[in-house]
Amino acid sequence: MSTSKYKGSEPSLGCDMGQVDEGSFIRSYYADGFTAGDTASKMFLHEQRRRLPAFKHRMELLYAVEKYLAVVVVGEPGSGKSTQVPQFLYEAGWAAGGKVIVCTQPRRVAAAMLAHRVAEEMDVALGTTVGYSVRFSDVSSAENTRIKYMTDGTLMHECLADPMLSKYSVVVVDEAQDRSLDTDTLLALLKKIMKKRKGDFRVIISSASLDAERFRGYFETNDNTLAQPEHNTATILSISGRIFPVDIHYLTASCENYLVAATETATKIHISEGPGDILIFLPGKNEIEQAISTLNDQIDSSNNLDSLLPLAMYAGISAEKQKLVFDPPERGIRKAIFSTNVAETAVTIDGVVYVVDSGLVKRRIFDTDTNIDRLATLTISKSSAKQRAGRSGRTRPGKTYRLYTREAYLSSLFPEHEIPEICRVSLVPMVLMLKALGVSNLVRFDYLQPPPPELLSQALELLAELGAIDSGTGELTPKLGLHLAELPLSPELGVCLLNSVRTFDCAKEAISAVSMLAAGGDPFFVPGGQRSEALEDKRDFMVQEGDVLTFVNTHLAYLETPARMRVKWCNAHFLSHRMLDQSARIHRQLEAMLARMGYHNRIRSSCGRDYKSLQKCIASGLFANAARLDPSDGRRYRLIKNGLVVDIHPSSIFFAADCKPNYVVFAQVMETTKVYIRGISAVDPAWLSEIAPHYYSAKQSNT
DNA sequence: TGAGATTGC
């Protein structure tokens, strides 16, 4: 790199290499297309397996699992731990007697890909000896599957039906360093199970970073009736990875505008460095679109940037655009992929040799003073920065350009780790799960890391308001509370759903409403060039009662469209097929769950044109999210619970309406550029006190 | 009046 802005490089950094490492195998699986029956490829796979670093530690691992109840495996990326550890356990007999070895992942795709890979290595059909089970797709057999990949959320929910996880002999919790709320909750449950199952159960915690001692200490117990020969119950095992060096470059002085710096760095890499794609980490979609448009202008006005191709990558991007990101570029073309942190862990893009890191991320922060989520742009942690850098060295030595100084990086501005979710998100799902499993004292519960008390009390308060927790005993209410723990929904939406079959007889519409809100709401997209056409189309679906009924209308129209026509239909109406497809899957799952809960003869009930019962049903779950039009202003609202002034989100049908309803309930409130409410439904204030007298008699004085 | 990070049951 010729630029003088950067200096020095750091000693090489642990990062991915693997020809067969976990992350990139989906590509080898699909692209190379070698099949399990092919002798040459079988030998190739076998040979690859033996070359993995994990293979050298096979005996050591099996010895540790024999001797200790909990083993923390520290394996660098590319070590093969996620594919090999379950196979070693299987070969050593841990699946004997019909027991199952389960390996959990934080993300669905990872679970599916790993199962594909391991089935291939073991030369079995997927869904037989090796399978996986994630939301919406169970490719496993209750009789035959011995190695099962799952998401940690799925396994956690299995505890409701089988609290001792009695089918399983070993649970491998992979990627534990992610510290998602589900992972932390699952680890706490596994510790309880480990103590109760007296020696016939093992937990393996697999983590990439240096949190090993925390995990080991957590699983260590002094109960010497549990451990085999010694008094230890937990140990640590390290597996080295395969490492390509990554050169890290820092700015010599902090930059004023990171977007300008990002595009400049990309063009300089393009002009002065060898082949390889560039991955640029930016905090959000807006920043990405802005950087790409700047870069496109530069490409248009310059002769030597012809072969640079800017692309965008973020979670909500269309399948079409996503394909461009993953497909290899044409010969002689270099991709410059501007991405959010999806590319940090969730997806792997092959061919990346250069990384440009803005050092920023957008993250949701829950403000316990106002009970409002804020989407804030924050400095990443040092472990995130290392993870991002590692993305440049997956296939050969790489280079990473950090758009901040080395001094800044080493300072406390960049924290060592991300704050784990248990300390910063709503704890409602965890509280429901623990209560459902009979944990009565949540404050004194044995967590891996105790959550802040404000978050715990906020969750308990909300659940009590909704009637899921008995405020006298503090236990889950027998029917509502337990059902809410089972449903894959926020408790507010869960209450809407259950009330639709219990009281309001509008299940058909309510399932649609809840599925749409659970899938993220707003299915309408408004492309820059075709604003008026898109808004015109949206008007056809609009219902004046509000966004939620508009979503229901759209969802029902989608379901009535024949499956093979749906993509086309969505494109023609400026609707997100991804979102509507997701809500249709949720819809099917919720119908099935209601039937299993004994409401099978109520799930077809429909309110038809009687929108009032549907609106009341929505309000019955969202009553605490109520707002009143500010009469002095006529376009902003005040939250009834705390008087906070909020704005209508521009995606709402009420945003541009001349006459706005006096009272509304909403599905979400979040502070971005302003405090916005979205997923809005008009209500009659009399319904609120009718539906939730306990809530509104107490709060009356505030309004 | 003017807009969005990400994952999961």
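Residue numbering restarts at 1 for every chain, and letters A, B, ... go by the order of the sequence lines. If you're wondering where the values come from, they're calculated on a predicted model, not measured in any experiment.
Pairs engaging residues 587-598 of chain A under the salt bridge (charged side-chain N to carboxylate O under 4.0 Å, His left out) rule: E591(A)-R604(A) [sequence neighbours left out]. Listed by first and then second residue, the side-chain hydrogen bond (donor to acceptor under 3.5 Å, both in side chains) pairs involving residues 101-110 of chain A are Q105(A)-D174(A), R107(A)-D178(A) (not counting sequence neighbours).
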Heavy atoms under 4.0 Å is the rule here; annotate nucleotides 3-9 of chain B 5' to 3' with B where the base is hit, S where only the sugar-phosphate is, and - elsewhere. BBBBSSB
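Remark: R636(A) pairs with D647(A) by the side-chain hydrogen bond (donor to acceptor under 3.5 Å, both in side chains) rule, at least two apart or across chains. Under the side chain to side chain contact (heavy atoms under 4.5 Å, CB included) criterion, V439(A) pairs with K192(A), L434(A), L442(A), F445(A), not counting sequence neighbours. With sequence neighbours excluded, no residue forms a ring-ring contact (aromatic ring centres under 6.0 Å, His included) with H483(A).
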